[in-house]
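All remarks here apply to the structure that follows.
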Amino acid sequence: MRMAHLLTSLTLAASSVHAEKAGASGRVGCLENPKLVQRLAITKPGVYENYLVDSQWEGGNRVKITADDVNLRNCEIRNATGNGVGIFGKNVTIENCRIHHMLAGSIKDQKDAHGITGHWGNTVIRNCEIFYTSGDSVQFDPERNSVGQALIEHCTFWTGPLPADAAGFKRGEVPGENAVDTKVRPGDAERCKLTIRDCYFHGWQPPGAIDMMAALNLKEHIAATVTNCVLANNQVAFRLRGPGPRGGAQVEVKDCAIYDGDIGVRMEDKIENLKITGLAFGAGVKQKYQEASKGPGPGYVNEGEHEAPPIAEVIVTSP
């Protein structure tokens, strides 16, 4: 037993040494001399780079992608009452983009304005920073009318008290629902696949516009894998939801770390085949696990829990 424990400790130490830091890094947003537009409609395949989309508080999808095979990179999208990016094509990659101040309604009358939303398709979101959205940083698919997969990697999604009045929100109010929220078309045999890795999620804490704010709200008929992510200062870090009218999520959490906040992992509705390995907890987590609506179901595994290193060692300090 002592040898097994030693080997486990050495394995965890080695993985922490070699793991990449979580969050966006390098240059995020526009390059020099960006093209200033109020809205961008992408109807043809190709690379779209270095746009500053200042929406002047207009609604709708501020960057609307209806073409397949699109790469949107090194852009900033800001100041809207609609969504930052709406994806309605396949094989779309969004990278090195900063999306912020998507604010609809008010703190008392919250309405959705997401950072990135639309269809599953085959979407990649890489090295992006999304913050101050009244909806979710990323939500697939609000119409529940698509199938496919999405990869989110090396991103930083966050919220917190607004530094100044913006749209219908006041200084100091905390906008947002979740960092990532999943919705799928009911009745499909194949699960939508979501992969999240090397990301940093923080700040989903009340008082906000909704009763329960979560970094990752994973639900409905998906297969999700979350690896090497850091979640800090959230009301709920992982909200994992089992079978319901639109199915239940199957989730694997590997080598992630949770710091501060109210609840680490909330397991709902007898979620099936939940696998948690190598989960680390730092200081300030009031409740590591919460079982709600019957808690975890068949296939539940949770092993290798350990103490997290100081958060500065595992996150990128600034995007």
If you compare all heavy atoms of [X] against all heavy atoms of [Y], which two are closest, and at what distance to 0.1 Å?
X	Y	result
S25	V316	CB-CG1, 3.9 Å
Y259	G282	CD2-CA, 3.8 Å
F157	S137	CB-OG, 3.6 Å
A237	G264	CB-O, 3.1 Å
G160	Y132	O-CE2, 3.4 Å
A224	L218	CB-CD1, 4.1 Å

Could you tell me whether the side chain of [X] and the main chain of [Y] form a donor-acceptor pair under 3.5 Å?
X	Y	result
T156	G23	no
R78	H101	no
S293	E268	no
N50	E32	yes
D198	A22	no
R39	S55	no

Taking everything shown except [X] itself, do over 12 heavy atoms lie less than 6.0 Å from its [atom1]?
X	atom1	value
E190	CD	no
K270	NZ	no
D211	CG	no
K90	NZ	no
K183	NZ	yes

TODO: Go through the steps for Q110 and D112 under the test side-chain hydrogen bond (donor to acceptor under 3.5 Å, both in side chains), then give the verdict.
DONE: CA-CA 7 Å; Q110 182 270 340; D112 285 349; 3.1 Å; yes
Single-linkage hydrophobic cluster, 4.5 Å side-chain cutoff, [X] and [Y] together:
X	Y	value
L216	I210	yes
I222	Y300	yes
Y289	W204	yes
L194	Y200	no
V37	I42	yes

TODO: Please work out whether the ring planes of H202 and W158 are parallel, tilted or perpendicular, with thresholds of 30° and 60°.
DONE: parallel
Open item on the list: Tell me whether the rings of F131 and H100 are parallel (<30°), tilted (30 to 60°) or perpendicular (>60°).
Closed with: parallel
Check the side chains of [Y] and [X] for a donor-acceptor pair under 3.5 angstrom, ignoring hydrogens and angles.
X	Y	result
D141	S146	yes
N127	E95	no
E76	N74	no
N91	D69	yes
E177	H114	no
R241	N217	yes

TODO: Can you measure from NZ (K219) to CZ (R239) and round to the nearest 0.5 angstrom?
DONE: 8.0 Å
Task: Nearest-0.5 Å distance, CE of residue M102 to CD1 of residue I130 - done: 9.5 Å
TODO: Give me the one residue out of T159, T133, I107 that meets side-chain contact (heavy atoms from CB on, under 4.5 Å) with P175.
DONE: T159
- [ ] Give me the one residue out of V236, V265, I263 that meets side-chain contact (heavy atoms from CB on, under 4.5 Å) with Q290.
- [x] I263
Open item on the list: Between R197 and E153, does any NZ, NE, NH1 or NH2 come within less than 4.0 Å of an OD or OE carboxylate oxygen?
Closed with: yes
- [ ] Determine whether K254 and T225 make a side-chain contact, defined as any pair of heavy atoms from C-beta on separated by less than 4.5 Å.
- [x] yes
TODO: Starting from the C-alpha separation in whole Å, work towards a yes-or-no answer on side chain to side chain contact (heavy atoms under 4.5 Å, CB included) for K294 and M267.
DONE: CA-CA 8 Å; K294 303 179 182 178; M267 300 168 282; over 6 Å; no
- [ ] Take N228 and V314 through the test side chain to side chain contact (heavy atoms under 4.5 Å, CB included) and record every step on the way to the result.
- [x] CA-CA 9 Å; N228 194 45; V314 294; over 6 Å; no
Task: Verdict with reasoning, N61 to F88, per side chain to side chain contact (heavy atoms under 4.5 Å, CB included) - done: CA-CA 11 Å; N61 295 297; F88 305 97; 3.7 Å; yes
Open item on the list: Show, in sequence, the C-alpha distance, side-chain angles and deciding distance for F238 and L231, and conclude whether the side chain to side chain contact (heavy atoms under 4.5 Å, CB included) test is met.
Closed with: CA-CA 9 Å; F238 290 93; L231 306 92; 3.5 Å; yes
